[in-house]
Amino acid sequence: MTASSAPEATWVVVGRTSDGIAAITLDAAGAQRDRVAVDGGFAEFVRDMERDAAPRWVWSDTPTWYAALLDAGVRVARCHDLRLVHAILRDSSLVSEAAELRAAVQWDAGAVADAPPEAALFELEAPDPAGPPDLLEEAVAEFARQREALAQASASARLRLLVAAESAGALIAAELRAAGLPWDVAAHDAILTTVLGERPPGGGPPAHVQEAADRVRAALGDPVLSLDSQPKLLRALHRAGIMVESTSRWELARHDHPAIAPLVEYKRLARLLSANGWAWLEEWVRDGRFRPVYVPAGVVTGRWASSGGGALQLPRQLRAAVRADPGWALVVADVAQLEPRVLAAMAHDRSLAQAARGADLYAGVVADGTVGSRADAKVAMLGAMYGATTGDSGRLLPRLRRAYPAAMALVDDAARVGERGGVVTTWLGRTSPPPSASWMRVRQKGAAAEASVADESRARRAAGDRGRFTRNFVVQGTAAEWALTWLADLRRRLAELPLVDERDAAPASGPVFDRRPHLAFFLHDEIIVHTPLSHAEAVAQAVRDAAAAAGRMLFGAFAVDFPLDLRIDESAAKS
DNA sequence: AATTCGTCCTGC
DNA sequence: TCAGGCAGGACGAATT
């Protein structure tokens with residue numbers, strides 16, 4: 001790499017060749033400027049390029065390329081993830097001229113988790129066991145197809161924002177895994193012991209679990225009943241005269257019997273033990289860090305999924321185990337009522353935006369006279385976004401339609417399109433998948449002249465289901481775009497904060513993260529930043545600024561508040 | 001014996 | 001949990 005070519009290195013495509021890894025440098029227009037073999041270490045190459053030219057790295061799949069860089073202590077500012085972007089452009093209704101891109105089915109490979117290598121053994125039956133192509137020439141060709149599709153797209157500014165945010169999210173997901181969430185094992189253990197009781201030395205259930213089980217068995221008059229088998233438990237309940245159809249908590253709660261309370265208690269304890277008990281702690285927390293695998297766009301709406309450790313379902317009960325390192329703090333922030341705020345913005349609904357002024361949108365819905373209580377406001381708004389038709393929520397919808405006609409028209413239209421078999425698109429251009437072949441068959445059968453009552457009912461049911469899906473897709477998907485933009489902008493701001501002094505730095509999360517604030521957790525509308533104490537206030541401001549910036553980047557001048565619940569948790573212990 | 005299915009519960 | 005969207009994980013039961 002010559003020094004003179006560096007300033008023109010707007011994009012650097014990396015990939016494998018027959019001789020090893022090589023890189024092709026493109027200028028802003030996409031013209032090829034340079035091609036170099038990466039003779040030495042890939043990490044050193046990237047570190048030098050990043051310092052000299054700060055290009056946007058173009059690669060097949062972020063976990064494949066970035067995990068090793070992070071291990072070597074190298075971060076990059078920007079990338080273009082060909083696999084994730086391919087999936088967006090392939091399906092987006094904003095992209096019309098993309099026959100070549102859609103024909104490049106080798107890029108349709110599913111998500112490749114940055115799991116340990118042995119995970120590949122389980123993918124032998126997948127169409128492309130190696131994941132997306134990592135050959136340099138393939139990457140260059142796909143990148144050209146994607147640039148062309150973007151250039152041709154309508155609303156291409158939005159689509160470009162989505163592409164950039166999606167790729168930034170891929171970097172963040174890899175960094176979140178590398179950094180991990182600070183987890184206090186002793187605090188977790190104390191919670192378990194308090195709630196579940198002491199573990200008997202010889203094995204067996206913890207004390208409180210055993211006690212609850214014994215009380216259930218006594219009340220049901222069956223001293224050897226297995227409470228963990230749903231069919232057996234159901235039969236025992238019936239024998240005791242408790243005529244439930246399931247053993248779920250909400251149904252049990254309707255009956256009055258001495259076995260109910262201890263059974264509900266048993267289920268609560270058994271759940272904690274099996275999902276997040278000592279075995280979980282042993283398996284998922286290493287060196288004081290919980291490191292789940294995040295899967296950007298793992299959900300069809302664009303939300304992230306996770307795999308391993310149940311990162312997206314951490315019970316509130318265990319939040320107390322999330323603790324900053326000594327000398328560090330956690331900045332914890334979530335957006336209040338993200339989805340209805342996003343709906344107000346994308347529909348340009350001035351009344352709903354007015355109700356969204358301030359910290360509590362539901363209070364605003366009460367204040368403007370739409371409904372009488374905060375609880376009604378919440379259930380009505382959720383029903384509007386999820387497609388409720390009956391009950392309290394369904395009954396309140398006409399009032400929402402009168403008060404917020406633009407917002408309700410947006411979700412009602414999305415539902416109608418889905419019911420008819422159409423696709424819907426988020427604010428930035430992510431498009432829902434088309435209906436499945438089986439859905440089409442059910443619908444055709446129901447519409448046929450000789451359709452039975454059952455056929456018609458099944459078709460109606462399928463149409464309604466899909467309408468609720470597309471109704472929710474536009475809101476959930478756009479909310480995910482807002483959150484992704486928030487994350488990406490926050491990451492950029494955090495990178496601009498100065499490193500802390502060596503003397504302040506704790507042995508935190510490895511060489512990349514030990515001296516600066518870094519993201520540690522993300523869950524749909526919540527982020528946690530782990531930061532040296534000295535930077536906590538600056539981080540909190542960066543989190544707020546990024547939220548405001550995300551609103552502007554997506555929705556421009558149409559102002560909707562995105563207020564945060566934000567707190568700074570300092571470490572309890574000081575070393 | 002291994003894999004898939006169904007139930008239940010956690011999160012947003 | 002009266003209803004209505006998107007998920008993952010554990011476990012036992014059913015299936016192959």
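Protein chains get the first letters and strands the later ones, always in sequence-line order, with residue 1 at the start of each. Just so we're clear, the structure is a prediction, and the values are computed from it rather than from any experiment.
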- Note: Arg303(A)-Glu339(A) ion pair, threshold 4.0 Å (strictly below): yes
Rounded distance in Å - [atom1] ([X]) to [atom2] ([N]):
X         : N       : atom1 : atom2 : value
Trp304(A) : dG8(C)  : CH2   : P     : 15 Å
Glu265(A) : dC9(B)  : CD    : C1'   : 15 Å
Glu526(A) : dC6(C)  : CD    : P     : 23 Å
Leu343(A) : dC6(C)  : CG    : P     : 17 Å
Leu233(A) : dA13(C) : CG    : C1'   : 15 Å
Arg466(A) : dG5(C)  : CZ    : P     : 14 Å
Leu382(A) : dA3(C)  : CG    : C1'   : 11 Å
Leu227(A) : dC8(B)  : CG    : C1'   : 14 Å

- Taking the six-membered ring of Trp183(A), is NZ or CZ of Arg323(A) closer than 6.0 Å to its centre and within 45° of its axis? no
- Of Trp280(A) and Trp250(A), whose closest DNA chain C nucleotide lies nearer the 5' terminus? Trp250(A)
Which is true for [X] with a 4.0 Å heavy-atom rule: it touches a base, it touches only sugar-phosphate, or it touches nothing?
X         : value
Ser248(A) : sugar-phosphate
Val475(A) : nothing
Asn276(A) : nothing
Gly310(A) : sugar-phosphate
Ser246(A) : sugar-phosphate

- Trp304(A)/His524(A) aromatic ring centres below 6.0 Å: no
- Message: Whether the side chain of Arg303(A) and the base of dC12(B) hold a donor-acceptor pair under 3.5 Å is what I'd like checked.
- Response: yes
- Under 3.5 Å, is there an N or O donor on one side and an acceptor on the other linking the side chain of Gln313(A) and the base of dG8(C)? yes
Give the nucleotide from the list [options] with an atom nearest to the side chain of [X].
X         : options                  : value
Arg271(A) : dG5(C), dC11(C), dG9(C)  : dG9(C)
Pro315(A) : dG5(C), dG11(B), dC8(B)  : dG11(B)
Thr301(A) : dC6(C), dA7(C), dT10(B)  : dC6(C)
Ser307(A) : dG5(C), dG9(C), dA3(C)   : dG9(C)
Ser274(A) : dG5(C), dC12(B), dC11(C) : dC11(C)
Asp228(A) : dG12(C), dC12(B), dG4(C) : dG12(C)
Lys267(A) : dC8(B), dA7(C), dA13(C)  : dC8(B)
Ser229(A) : dA13(C), dC6(C), dC8(B)  : dA13(C)
Pro231(A) : dA13(C), dC2(C), dG9(C)  : dA13(C)

- Task: With rounding to the nearest 0.5 Å, note down the distance linking CZ in Arg158(A) to OG1 in Thr426(A).
- Result: 9.5 Å
- So His530(A) and His518(A), would you call those rings parallel, tilted or perpendicular, with 30° and 60° as cut-offs? perpendicular
[X] side chain near [N] phosphate (N/O to OP1/OP2, under 4.0 Å):
X         : N       : result
Arg468(A) : dG4(C)  : no
Gln230(A) : dC8(B)  : yes
Arg249(A) : dT10(B) : yes
Arg316(A) : dC9(B)  : no
Thr247(A) : dC8(B)  : yes

- Message: Could you check whether any side-chain N or O of Trp284(A) sits under 3.5 Å from a backbone N or O of Gly308(A), counting only pairs where one atom can act as donor and the other as acceptor?
- Response: no
- Item | Aromatic stack Tyr386(A)/dG4(C): centroid gap under 5.5 Å, interplanar angle under 30° | no
- Item | dA3(C): pairing nucleotide in any strand, Watson-Crick or G-U under 3.5 angstrom | none
- Taking atom C1' in both dT1(C) and dC8(B), what distance in whole Å separates the two? 13 Å
- Query: So, Thr425(A) versus Thr431(A): side-chain donor-acceptor pair below 3.5 Å or not?
  - Reply: yes
